[in-house]
Every structure is written in structure tokens, then in C-alpha cells.
Number of protein chains: 2
Amino acid sequence: MGASKSESFSTEHNEMASLFKALSHPARIAIVDYLLKVDTCICGDIVNELPLAQPTISQHLKELKNANIIKGTIEGTAICYCINPDTIDKIENHFGVIRHKLKNKCC
Amino acid sequence: MGASKSESFSTEHNEMASLFKALSHPARIAIVDYLLKVDTCICGDIVNELPLAQPTISQHLKELKNANIIKGTIEGTAICYCINPDTIDKIENHFGVIRHKLKNKCC
DNA sequence: TTATTAAATTGCAATATTACAATAAAACAA
DNA sequence: TTGTTTTATTGTAATATTGCAATTTAATAA
């Protein structure tokens with residue numbers, strides 16, 4: 001068909017897939033990387049940093065926000081985006097579990 | 001347009017995005033999960049485990065293989081798939097770096 | 001050789017994603 | 001109020017992904 005059969009999979013599997021989908025575009029990886037580089041949380045200049053138009057950046061930010069990977073705080077006219085450490089921990093932990101399960105295996 | 005402007009981003013950013021894209025579908029998360037559950041590396045019954053047709057599973061396995069998340073070994077008529085620990089380490093390390101960089105920040 | 005079994009490939013339809021021009025909305029300044 | 005700045009939304013075109021029936025390939029067995 002074309003639509004992914006998400007209803008056939010567990011909530012857990014769908015949630016992890018959604019998190020990874022949010023990170024599955026180089027622009028969104030670059031945005032996360034940029035947010036880590038900038039000391040102050042002042043944002044909006046992400047548009048100046050990346051070679052994409054403002055609506056495109058806005059769309060990518062929305063997806064990162066929906067996935068809880070970043071948070072946005074309104075500061076006057078601007079919006080201050082920053083990374084949500086909880087979600088980073090969640091993903092890192094997922095791989096920690098995988099690595100742990102792998103320990104008892106050969107291949 | 002529609003195509004992602006991957007040439008505008010660094011190799012590093014594109015590589016990480018590719019890894020996450022490979023994990024951005026619940027069926028592929030479920031495959032990885034299943035490979036972790038099964039003691040012996042005997043595979044092919046992934047098709048019996050998941051509610052998807054054989055060609056669809058084959059396609060998902062191909063994507064996981066291309067991303068180096070799993071490896072396939074030919075065993076007679078069957079193919080034995082298993083997880084590539086190196087790639088898991090690589091991804092986990094990526095989040096380790098992020099978490100480390102986050103330590104020196106507030107939000 | 002002819003089955004049989006397991007997995008990959010092809011072709012196609014349905015749906016999703018990406019990118020951006022144009023526009024709108026929201027907050028503030030003059 | 002009118003302007004300015006910043007971000008979001010809408011609409012649309014190009015491209016990518018998903019899923020599967022039908023078929024093919026590859027390895028082995030009879």
C-alpha cells in the first residue's frame with residue numbers, strides 16, 4: 001500500500017521508531033549538533049546556519065519538537081530552542097539495553 | 001522539490017541520519033528486538049514472527065543490512081541474520097557525546 | 001534431471017516526506 | 001495605529017517509502 005502498518009506493532013516499537021524518524025534527516029541532525037555547539041540558547045539563527053529556507057527549518061524544528069527531542073521557549077519575538085536531555089537519555093538507554101543483551105550472544 | 005538536500009550537509013551528519021533512518025520503522029525495530037530475543041541466530045522465521053509478507057520483510061532486512069545494523073550469513077538454504085555490535089556501539093557513543101556536551105549547559 | 005525450500009527482486013499502487021514561495025500570525029517598537 | 005522582526009502555516013510539486021503479488025534466484029534433496 002504505502003502507509004506503514006504501525007497498528008500491527010507494539011507501542012514501544014512505534015515510539016522508538018518515531019524517535020529515530022525524527023533524527024533520520026541530516027538537517028535535523030545538524031540542528032541538534034548546532035544546538036549543542038551554541039553556548040547560549042539563543043536560536044532562530046539556525047536559519048542562517050543551515051542551507052535551507054526558513055519554512056523548511058521551521059518544519060524540521062516542529063518535527064524535533066513533536067518528538068520531544070527539543071523544547072522551545074518564547075522570548076519576546078524570538079523562540080529559544082534547546083535539547084531535551086530526557087529524550088537523549090531515553091535513546092541512549094535503549095542502546096544500552098541492546099548492548100547488554102548482546103553480551104550473552106555470539107554470532 | 002521533495003528530495004532531501006543531503007549534499008548540503010556533512011558526511012558525518014548524513015551518516016548518522018542514515019543510521020537513524022534504518023531504525024525509523026516499527027517493523028525494523030521489531031526485527032532488531034527479535035534478533036536480540038532469539039538465542040540461536042536461526043532466522044527466516046522473522047517472517048512468521050511479524051505481520052508482514054515475505055517480500056516486505058526481505059526489504060526491511062536489506063535496509064538494516066545496508067546500514068550495517070545487521071549481518072547475514074548464508075547457512076545452506078537459509079540465511080542467518082544477527083546484529084552488528086559495532087554499529088550499536090557507534091550509535092550509543094553518538095548519544096554519549098551529546099549527553100556529555102549537554103552537561104555544560106542549562107536551558 | 002526435477003522438486004522443494006528460502007530469500008531476493010521486480011513492478012506497481014498508495015501514502016509519506018521534503019522543500020519552498022507566498023502568506024499569516026504573534027510580539028514588540030515607534 | 002503602522003511598521004518591523006521572528007516564526008508558523010498553507011499550498012503545491014518533486015521525490016521517497018511502504019507493502020505486496022508475482023516472479024526469480026540459489027541451494028539442496030530426491
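Reminder, nothing fancy here: chain letters follow the sequence lines and each chain counts from 1.
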*Is the gap between the ring centers of A/Tyr34 and B/Phe9 under 6.0 Å?*
no
*asked:* Between A/Phe20 and B/Phe95 (judged by ring centroids, cut-off 6.0 Å), do the two rings come close enough to count as a pair?
replied: no
*Provide the closest heavy-atom pair for A/Ala17 versus B/Pro26 in the form atom of the first, atom of the second, distance.*
CB-N, 3.5 Å
*Hey, does B/His60 have a side-chain heavy atom less than 4.5 Å from the side chain of B/Leu52?*
yes
*Between C1' of D/dG19 and CD of A/Glu7, the distance in whole Å*: 12 Å
*Can you find a heavy atom in the side chain of A/Leu23 that is under 4.5 Å from one in the side chain of A/Ile91?*
yes
*How many Å lie between CD1 on B/Ile31 and P on D/dG19, as a whole number?*
10 Å
*Closest heavy-atom pair and its distance - B/Lys71, B/Ile83*: CE-O, 4.4 Å
*Report, as a single string ordered 5' to 3', how protein heavy atoms within less than 4.0 Å touch nucleotides 7-12 of chain D: B base, S sugar-phosphate only, - not at all.*
BBB---
*Under 4.0 angstrom, heavy atoms only, what part of the nucleic acid is A/Ile74 near: base, sugar-phosphate, or nothing?*
nothing
*Quick one: label A/Ile57 by what it contacts on the DNA or RNA (base, sugar-phosphate, nothing), any heavy atom closer than 4.0 Å.*
nothing
_If I take atom CG in residue A/Leu52 and atom C1' in nucleotide C/dT17, what distance separates them, rounded to the nearest angstrom?_
14 Å
*What are the two closest heavy atoms between B/Ala30 and B/Leu50, and how far apart are they?*
CB-CD2, 3.9 Å
*To the nearest Å, give me how far apart NE2 (A/His60) and P (C/dT17) are.*
12 Å
*Taking NZ, NE, NH1 and NH2 as the nitrogens, is one of them in B/Lys90 or B/Glu15 under 4.0 Å from a carboxylate oxygen of the other?*
yes
*Between D/dT17 atom C1' and A/Lys5 atom NZ, what is the distance in whole Å?*
15 Å
*State, with a plain yes or no, whether a side-chain heavy atom of B/Lys62 is found less than 4.5 Å away from one of B/Gln59.*
no
*Whole angstrom value for the distance that separates P of C/dT9 from CG of B/Asn66*: 10 Å
*Figure out the CG/P separation between B/Asn48 and C/dT5, and round it to whole Å.*
14 Å
*So which of residues 11-29 of chain A are in contact with DNA chain D, with a heavy-atom cut-off of under 4.0 Å?*
none
